There are 2 protein chains.
Amino acid sequence: MKYIDKLRNSGLRPTKQRLQICKVLFDTKKTFHFTINDLAKKIKKQINDNISLATIYNTIHAFEKKGYLKQIPINSNETYFDTNISDHHHFYDLKEERLIDLENSDVGPINIKKKINGKKIKSVEVLVKLED
Amino acid sequence: MKYIDKLRNSGLRPTKQRLQICKVLFDTKKTFHFTINDLAKKIKKQINDNISLATIYNTIHAFEKKGYLKQIPINSNETYFDTNISDHHHFYDLKEERLIDLENSDVGPINIKKKINGKKIKSVEVLVKLED
DNA sequence: CACTTATTTAGAATCATTATAAAGTATTCC
DNA sequence: GGAATACTTTATAATGATTCTAAATAAGTG
């Protein structure tokens with residue numbers, strides 16, 4: 001029922017589909033990275049039920065807007081999301097096309113000295129590209 | 001003739017189209033960010049000649065592979081490129097969907113403490129998202 | 001339960017990017 | 001210079017992720 005409350009509290013109706021997606025995304029101790037395509041496969045495997053692709057897109061975007069997911073800035077034809085919404089960074093292994101978490105403690109503090117008038121910093125994200 | 005040599009030296013034939021694209025990209029003191037669509041418009045305006053979109057894609061990818069351009073990691077439906085290939089970072093103004101350079105001196109040194117076995121760091125890129 | 005509003009859905013539409021394959025151009029070697 | 005070869009360009013088609021549409025369904029409210 002924790003997901004029912006979570007959804008209700010953010011103004012999202014707790015539908016069967018959203019609850020199933022919550023389960024796949026958040027019913028695990030480990031956080032993970034995924035694309036919509038990854039997620040669709042995972043859903044198909046874990047729940048014995050079909051959720052329309054459009055619904056997966058809608059839900060992921062709603063969750064991202066509510067702050068339950070983060071997009072990872074990376075150049076790829078697919079959009080990557082992260083269930084780890086804490087302030088942290090990523091390695092990207094160019095050869096294996098794989099994202100690896102960098103804990104905040106793995107990166108020294110980042111000091112942005114420049115200011116832009118009337119703008120606030122919303123996030124600071126570091127992408128470290130790896131090669132062999 | 002500098003572009004002819006530049007291209008030849010990297011194993012690319014100096015074709016008319018590539019030279020024209022070089023002119024648009026590199027014949028200016030200022031570096032800039034662009035998408036393929038931006039660039040196509042710029043080419044149309046600056047040279048009175050048509051270059052096929054396929055050629056623009058081919059050329060930009062060739063230039064990126066040779067290190068004359070960098071892709072900017074950002075979530076957008078279009079790929080952003082940068083003629084500034086030096087080690088530097090970006091602000092991204094979410095509202096105006098605009099990229100702004102952060103000189104290396106605007107960002108304190110970034111210390112990546114974690115190591116991945118057998119992998120070398122190729123680049124470290126910081127994206128600072130701005131909101132109002 | 002009736003009513004309003006949000007959500008789901010299949011399929012179509014969109015749009016950036018990549019593939020194709022034929023015509024054109026640069027390079028090489030004589 | 002003039003083949004022969006290899007690389008490029010090009011228009012167009014294909015691909016593939018994402019978004020749109022509009023009808024059907026489900027949730028919230030009184």
Side-chain angles (χ1 to χ4, degrees), chain A residues 1 3-24 33-44 47-66 68-69 71-81 97, chain B residues 1 3-25 33-44 47-66 68-69 71-81 97 99:
Chain A
M1 312 307 86
Y3 297 133
I4 292 182
D5 294 343
K6 178 175 183 165
L7 291 171
R8 272 226 187 80
N9 290 339
S10 50
L12 296 173
R13 288 186 181 173
T15 64
K16 187 182 70 168
Q17 291 85 344
R18 283 177 180 161
L19 291 169
Q20 288 177 326
I21 293 174
C22 275
K23 212 166 179 179
V24 173
H33 312 126
F34 64 93
T35 65
I36 296 289
N37 190 40
D38 292 339
L39 183 61
K41 278 190 208 149
K42 205 163 185 167
I43 288 169
K44 194 156 279 177
I47 5 174
N48 211 18
D49 200 349
N50 198 60
I51 300 182
S52 143
L53 194 56
T55 300
I56 299 178
Y57 273 98
N58 290 340
T59 302
I60 293 310
H61 286 144
F63 285 6
E64 201 235 337
K65 200 163 286 170
K66 296 299 178 184
Y68 303 150
L69 293 171
Q71 267 191 246
I72 304 172
I74 193 178
N75 288 117
S76 165
N77 58 328
E78 284 178 276
T79 304
Y80 276 83
F81 294 90
E97 296 189 353
Chain B
M1 312 305 84
Y3 297 132
I4 292 181
D5 293 343
K6 180 177 181 161
L7 291 171
R8 272 228 187 78
N9 289 339
S10 49
L12 297 172
R13 289 187 180 173
T15 63
K16 187 181 69 166
Q17 292 85 343
R18 284 176 180 163
L19 290 169
Q20 288 177 326
I21 293 175
C22 275
K23 213 166 179 180
V24 173
L25 292 177
H33 311 127
F34 65 93
T35 65
I36 295 289
N37 191 38
D38 293 339
L39 183 61
K41 280 190 206 148
K42 204 163 186 168
I43 288 169
K44 194 157 281 178
I47 6 173
N48 211 19
D49 200 350
N50 198 61
I51 300 181
S52 145
L53 194 56
T55 300
I56 299 179
Y57 272 97
N58 289 340
T59 303
I60 293 310
H61 287 144
F63 285 6
E64 202 237 335
K65 200 163 287 173
K66 296 298 179 185
Y68 302 149
L69 294 170
Q71 267 192 246
I72 303 172
I74 193 178
N75 288 116
S76 166
N77 57 330
E78 284 178 275
T79 303
Y80 277 82
F81 293 89
E97 296 189 351
L99 278 166

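In the text below, chain A, chain B and the rest are named by the order of the sequence lines, each starting its count at 1. Here the structure is a predicted model, which is why all the values come from computation and not from measurement.
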- Item | Residue closer to the 5' end of DNA chain D, B/G11 versus A/R13 (nearest nucleotide) |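 Mapping each residue to its closest nucleotide by heavy atoms, the 5'-most match is B/G11.
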
[X] side chain N/O closer than 4.0 Å to the phosphate oxygens (OP1, OP2) of [N]?
{"X": "A/T15", "N": "C/dT8", "answer": "yes"}
{"X": "B/H61", "N": "C/dT18", "answer": "yes"}
{"X": "B/T55", "N": "D/dT10", "answer": "yes"}

Separation of [N] [atom2] from [X] [atom1] (nearest whole Å):
{"X": "A/E64", "N": "D/dT18", "atom1": "CD", "atom2": "C1'", "answer": "14 Å"}
{"X": "B/I56", "N": "D/dT10", "atom1": "CD1", "atom2": "P", "answer": "9 Å"}
{"X": "B/L39", "N": "C/dA16", "atom1": "CG", "atom2": "P", "answer": "14 Å"}
{"X": "A/L7", "N": "C/dT7", "atom1": "CG", "atom2": "P", "answer": "10 Å"}
{"X": "A/K16", "N": "C/dT9", "atom1": "NZ", "atom2": "P", "answer": "7 Å"}
{"X": "B/I60", "N": "C/dT18", "atom1": "CD1", "atom2": "C1'", "answer": "15 Å"}
{"X": "A/Y3", "N": "D/dA27", "atom1": "OH", "atom2": "P", "answer": "19 Å"}
{"X": "B/I51", "N": "D/dT9", "atom1": "CD1", "atom2": "P", "answer": "9 Å"}

- For A/N58, report the nucleic acid contact type (base, sugar-phosphate, nothing); a contact means any heavy atom under 4.0 Å.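 Base contact.
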
- Query: Judged by modelled atom types alone, do A/T35 and A/D38 share a side-chain donor-acceptor pair under 3.5 Å?
  - Reply: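 Indeed, the side chains of A/T35 and A/D38 share at least one donor-acceptor pair under 3.5 Å.
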
Min side-chain heavy-atom separation [X]-[Y] under 4.5 Å:
{"X": "B/I21", "Y": "B/I43", "value": "yes"}
{"X": "A/T59", "Y": "A/T15", "value": "no"}
{"X": "B/K23", "Y": "B/I47", "value": "no"}

By nearest atom, which of the nucleotides [options] is closest to the [X] side chain?
{"X": "A/L53", "options": "D/dT18, D/dA11, D/dA27", "answer": "D/dT18"}
{"X": "B/N77", "options": "C/dA16, D/dT18, D/dT19", "answer": "C/dA16"}
{"X": "B/R18", "options": "C/dT9, D/dT12, D/dT8", "answer": "D/dT8"}
{"X": "B/S52", "options": "D/dA17, C/dG11, D/dT10", "answer": "D/dT10"}
{"X": "B/T79", "options": "C/dT17, D/dA27, C/dA26", "answer": "C/dT17"}
{"X": "A/Y57", "options": "D/dT8, C/dA10, D/dT19", "answer": "D/dT19"}
{"X": "B/Q17", "options": "C/dA19, D/dT9, C/dA16", "answer": "D/dT9"}

- Task: Identify the two heavy atoms, one from A/I74 and one from B/P73, that lie closest to each other, and give their separation to 0.1 Å.
- Result: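 For A/I74 versus B/P73, the nearest heavy atoms are CA-CB, 4.1 Å.
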
- Query: For B/E78 and B/R8, take the nucleotide of DNA chain C holding the closest heavy atom to each; which residue's nucleotide lies nearer the 5' end?
  - Reply: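 So the residue in question is B/E78.
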
- cation_pi(B/K42, B/F34) dist<6.0 Å, angle<=45: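 Negative - B/K42 is either too far from the ring of B/F34 or too far off its axis.
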
